[in-house]
Amino acid sequence: MLWFAVHFPRLGLEIFERRHPEETASPTVLVEDRRVRLANVEARQAGIVPGSTLATAHGVVPRLRHFERDLTAELDRLHCLAEAAYRYTSHVSVCAPDGLVLDMHGSLALFGNVDTVASGLASLFRDIGHAAQVAFAHTPAGALTLARSGKLPPPGDDVQYASLTALRDVPLVCAEIPARNVERLANMGVFRIGELLALPRDELGARFGKALPEYLSRLTGETPDPRTPIVPRETFVSSVHLIEAVSNKQTLLFPMRRLTSELAAWLTARQLGVLRLTWGFHPLHGTPCRVETRFARPRGDARGILDLVRLRLDQADLPEETMSIELVADDTAPRASAAEGLFRTPADENRNPPMDLVDTIGARLGDTALTGLALSDDHRPERAWAPRRPGSRSGPVAEDSAHTREAEGSRPLWLFDPPRPVRIDRFRLLAGPERIESGWWDHAVARDYYVAIGEDGAQCWLFRTRNEIADSPPEGSWFLHGYFA
């Protein structure tokens, strides 16, 4: 077995840091029971250490920012991070309060080796805005313990041997052992997991209860340690409530960038792209503003999405003071597979110059500035197409309909509306007839179509009416309906 674990040492504090409207940081601490649990770099540099009382911390830094720990928010955030890791394996489990475990036994070969997965996970969570320590082992408990210690097993084919070797030097405070038991073991002179594993299990059970030897058995792999995987959300909705109101659009881009990175991670994990998303900007008082962005193709790159959203944001009238931001992926679709091209690279999935131009024009000028075309389920040429919004998936004709297959006859790109009456002696017929008889329910037509050459050498599409239709022109009437390119 091969398990990866991700430990988020600053998770509780990062939940509040992501609510700050600017990237600049000031001394900040996370407080639990009036004591400092976590401190950011600026607070530690000022001399604040975890375990200090809140009064002492404020004495060191009078303008210190502090937040009360929110266990519910941490658990919700862990579930979001687990969904982001879903791209690596379908078996991702949450280990509250600050960890994840991934069963990589069946999917490691897809990503190369353990170093590639470890660096990829760290980079993934760094982009979302979280510091992460990654490790692997042959058991989920072992991987989680190594991740908390910040120690990776030595490289080698025997994962179990490497894991047990690395675990022996890990301090007990990194294991899932109650703090009171860690203190009692320290009084006995036992500080590391290797020292604990050397003690008789029966004696440990008699003194500390059966939970400790059971944990050690799961840690070493002597007994199974099943983990319940998460079930990812079917839709993406995320929001951030800012610490202070923001009236500057440029300042809003920082929290928006983090939300976009979360969206991109969710899309990648589900192999989807977004076609339509909505931003909600909520003021402290008053009516919220919603800004919708549509894309001509499914997109999953955070940078490209944010660039287009920024163009749309320039045209929007936002509240004078925004207090919270919400992002909703309204419409998604499968992304193009890398297997579609032999030499296609992952970077190619984010490059499509024609569709990028359509997205840029739409974001700058509005969705009505561009109109696409779609096939319509009608045999009459003038009604065989319909306008469609670029990026819309709901076309008038399904992809497997008869109109998407090769047509029986050629069709010109230029049609006249209405068709023009002509004299047939000025044309030379090349092919035909192709009979089209349809529309009895609203506007009936009965025509025989021909491909012809005109006197000027242009290739034309002609038809002759048939007078079985009550209000049709006389038999033999000829009309020019279009030109071929």
Side-chain angles (χ1 to χ4, degrees), residues 294 296-297 340-341 351-485:
R294 294 176 179 267
R297 63 183 176 93
E340 290 182 358
R351 293 199 298 264
N352 191 324
M355 292 297 99
D356 290 346
L357 177 60
V358 169
D359 286 340
T360 302
I361 295 175
R364 176 71 72 178
L365 303 179
D367 294 330
T368 59
L370 292 172
T371 300
L373 297 178
L375 295 174
S376 184
D377 195 9
D378 200 313
H379 291 284
R380 292 166 292 183
E382 61 270 27
R383 302 195 181 190
W385 62 275
R388 184 184 68 174
R389 184 192 300 270
S392 172
R393 289 188 298 159
S394 55
V397 177
E399 291 186 358
D400 59 349
S401 69
H403 283 275
T404 60
R405 299 190 292 269
E406 184 178 357
E408 293 181 1
S410 300
R411 296 291 184 267
L413 294 179
W414 181 4
L415 290 180
F416 292 114
D417 184 21
R420 301 177 179 179
V422 294
R423 291 172 50 185
I424 189 57
D425 58 356
R426 297 183 178 180
F427 297 86
R428 178 167 58 89
L429 301 181
L430 299 179
E434 176 191 351
R435 179 160 295 177
I436 296 179
E437 188 170 349
S438 182
W440 56 266
W441 55 91
D442 57 358
H443 178 68
V445 299
R447 304 166 180 169
D448 288 337
Y449 277 88
Y450 296 83
V451 178
I453 294 291
E455 293 178 334
D456 56 358
Q459 189 170 346
C460 312
W461 206 36
L462 305 178
F463 70 82
R464 180 172 58 180
T465 61
R466 300 173 54 246
N467 60 9
E468 286 83 350
I469 306 301
D471 58 349
S472 66
E475 176 74 21
S477 297
W478 288 86
F479 292 85
L480 174 63
H481 205 168
Y483 286 108
F484 291 93

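The figures here come from the full heavy-atom set of this structure, side chains too, leaving out hydrogens, waters and symmetry mates. Small disclaimer: the values here were computed from a predicted structure and weren't measured.
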For the CZ atom of Arg426 and the SG atom of Cys460, what is their distance to the nearest 0.5 Å?
12.5 Å
Just verifying a value: how many Å separate Asp448 CG and Leu462 CG, rounded to the nearest 0.5 Å?
12.0 Å
Val451 to Gln459 - nearest heavy-atom pair and separation:
CG1-NE2, 3.3 Å
Check: Pro381 and Arg447 side chains under 4.5 Å, non-hydrogen atoms:
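Yes, close enough: below the 4.5 Å cut-off.
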Check whether any side-chain heavy atom of Tyr483 sits under 4.5 Å from a side-chain heavy atom of Pro412, and report yes or no.
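Tyr483 vs Pro412: side chains apart.
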Could you check Tyr449, Phe427, Phe463, Tyr450 and say which one makes a ring pair (Phe, Tyr, Trp, His ring centres under 6.0 Å) with Trp478?
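Among the candidates, only Tyr450 passes.
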I'd like to know if Arg411 and Glu434 make a salt bridge, using a cut-off of under 4.0 Å between side-chain N and carboxylate O.
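Yes, this pair counts.
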